[in-house]
Amino acid sequence: MDVAAGDETDATGPLDVLLLEDSPDEAALVERIVRGRGDGDLTATGAAVTVGEWHHADSLAAAIDVLNRESVDVVLSDLMVPDSRGVATVSALVDHAPTVPIIALTSYDEDVAGTRAIQAGAQDYLVKGRIDGELVDRAIRYAIKLKRHELDLVATNRRLALLNRIIGHDIQREMSVAVGWVGELAGQSDAGDADAVDALNDALANVVELADAAADVVTVVEEETGETLEARSIDAIVEAEIERFTREHPAVEFSLEGTEGEVPVLATPMLGSVFEHLFAEAIQIRDDDPPRPRVGIAANDEHVTVTLEGDGVALSDGQAAFLNDRDTPSESARRMRTGLYLAATVIEHLGGSIAVDPGPQIAVTLERPPEADGPVTDAAG
């Protein structure tokens, strides 16, 4: 039974096991425990796992030879063998068999060594002399499940990276070429064709915008598979997005009521895109009546809330319904632009919420770090 990405094996069938242990007595003891044939306090009653093929290697070189020749479901590895010492043993096994789960075997009082083995690529560790059949059983099942999850994440990240390149590079490059040709046509077309050229240019601009938003959505999904949250200054993020929006729309008159100091929230660099897209969707640009949006930042011990309201701030009923209840979007919400969906997706990923009250007032609520006085990333992204 070979563990691989997407494999549905649940470790209930016979398992082919490789034990790397240079001591014959220790090797015999571990095999009895795994097979459930020990006695006294050494094993739990009954077999811990069903063993298919049992392979024993007394050196790293011999273990690598087995991995090159045989299909192995799990490796139990001592860290100290004649030709390798410590976590280097785990690293070498991972290099030669990256899809096989590894359980490190350490000596008494070597929890630090076990932790380092996990950092080097092992899925779990056991302390020799403290293990029984039940403990080995749980460790093996956990290691197989964890390795399968890790492989799934690797495969997902590869697909996302490819999709991100297609959307964020290839499609945008081709669209830039198309926009350039539309410009050429505009200079050569008759007056009667002007409307058609303008419509084509607008359509291409919308496609570029959708491609940008889609690339951001892919980035969010990539973050969900790996990037951790960290403390970031909400004041710096909001101020940067206000400055960005004002550069593009100089007539907009923002007012900002922030906090005193740099209040942190748990976030990733994608948080700035939330306010970028909320501003783009909710602030209505009118030449005859410049909008005057008000942004407020309020914090308590657990949460930070950023509000957007004021003259020129408006959402359709469908958009408001979508943000208030993601599960039951109305027909108009389904037709909204991708940016609002992106904003809601990012906030959901960060464990926050978006709410819309009549007026409207749009409120984005985010969690503060457990230790609010810790280091803060003073950057919008």
Side-chain angles (χ1 to χ4, degrees), residues 1-5 7 11 15-34 48-49 51 53-155 157-158 225-228 230:
M1 183 186 68
D2 190 17
V3 177
D7 187 6
L15 302 177
D16 296 339
V17 181
L18 167 61
L19 171 65
L20 171 54
E21 170 60 67
D22 62 316
S23 167
D25 291 339
E26 290 281 359
L29 175 60
V30 172
E31 182 176 1
R32 287 200 303 273
I33 292 174
V34 174
V49 296
V51 177
E53 294 292 330
W54 182 270
H55 305 278
H56 173 227
D58 57 7
S59 69
L60 177 61
I64 291 173
D65 180 63
V66 172
L67 291 171
N68 288 336
R69 291 184 292 101
E70 305 289 344
S71 175
V72 174
D73 295 306
V74 63
V75 175
L76 306 176
S77 176
D78 188 12
L79 296 180
M80 299 296 183
V81 290
D83 53 350
S84 184
R85 314 289 288 177
V87 296
T89 307
V90 173
S91 297
L93 292 171
V94 172
D95 288 342
H96 284 83
T99 66
V100 179
I102 297 170
I103 300 172
L105 302 177
T106 70
S107 300
Y108 286 104
D109 300 322
E110 286 193 359
D111 287 346
V112 172
T115 301
R116 290 175 178 170
I118 290 176
Q119 293 172 345
Q123 278 60 58
D124 203 352
Y125 75 94
L126 296 171
V127 179
K128 291 190 291 186
R130 300 179 185 172
I131 60 176
D132 57 27
E134 183 178 359
L135 187 61
V136 170
D137 174 59
R138 289 201 304 268
I140 289 176
R141 294 177 190 281
Y142 170 77
I144 291 175
K145 183 180 294 185
L146 181 59
K147 173 56 74 172
R148 184 182 304 121
H149 178 64
E150 291 173 358
L151 295 175
D152 286 342
L153 287 179
V154 170
N157 280 331
R158 287 175 178 169
T225 64
E227 187 162 348
T228 58
E230 62 180 356

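When reading the values below, keep in mind they use all heavy atoms of this one structure, side chains included, and skip hydrogens, waters and symmetry mates.
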Beyond-backbone contact of L79 with Y125, side-chain heavy atoms, under 4.5 angstrom:
no
Closest approach of H96 and I64, non-hydrogen atoms and distance?
CD2-CG2, 3.3 Å
Check whether any side-chain heavy atom of V17 sits under 4.5 Å from a side-chain heavy atom of V74, and report yes or no.
yes
Return the NE2 to CG distance between H56 and L76, rounded to the nearest 0.5 Å.
11.0 Å
Nearest heavy-atom approach of D16 to S71 is OD2-O, 3.4 Å
If a pair satisfies salt bridge (Lys or Arg N to Asp or Glu O under 4.0 Å) and one of its residues is in residues 63-72, list it, with sequence neighbours excluded.
D65-R69
Note: R138-D124 ion pair, threshold 4.0 Å (strictly below):
no
Where do L93 and A63 come nearest, in terms of heavy atoms and distance?
CD2-CB, 4.2 Å
Hey, what do you get for OG (S77) to CG (L105), rounding to the nearest 0.5 Å?
7.0 Å
Quick one: pull up CG in L146 and CD1 in I144 and give me the separation to the nearest 0.5 Å.
11.0 Å
Distance in Å, D22 CG paired with L60 CG, rounded so as to fall on 0.5 Å steps
11.5 Å
So do the side chains of I102 and Q123 get within less than 4.5 Å of each other, counting heavy atoms only?
yes
Chi angles and distances behind the side chain to side chain contact (heavy atoms under 4.5 Å, CB included) call for V30, I33:
CA-CA 5 Å; V30 172; I33 292 174; 5.6 Å; no
Considering all heavy atoms of both residues, which atom of H55 and which atom of V72 are nearest to each other, and what is their separation?
CD2-CG2, 4.3 Å
Please determine whether side chain to side chain contact (heavy atoms under 4.5 Å, CB included) holds for the pair L20 and V66, giving the CA-CA distance in whole Å, both sets of side-chain angles, and the decisive distance to 0.1 Å.
CA-CA 10 Å; L20 171 54; V66 172; over 6 Å; no
Is there any side-chain hydrogen bond (donor to acceptor under 3.5 Å, both in side chains) pair reaching into residues 82-93, and which pairs are they, with sequence neighbours excluded?
S84-T89
Closest approach of A117 and A104, non-hydrogen atoms and distance?
CB-CB, 3.7 Å
Nearest heavy-atom contact between D95 and P98 is O-CD, 4.0 Å
Just how far is it from atom CG of L15 to atom CH2 of W54, taken to the nearest 0.5 Å?
10.5 Å
Using side chain to side chain contact (heavy atoms under 4.5 Å, CB included) as the criterion, list what pairs up with V87, not counting sequence neighbours.
R116, A120
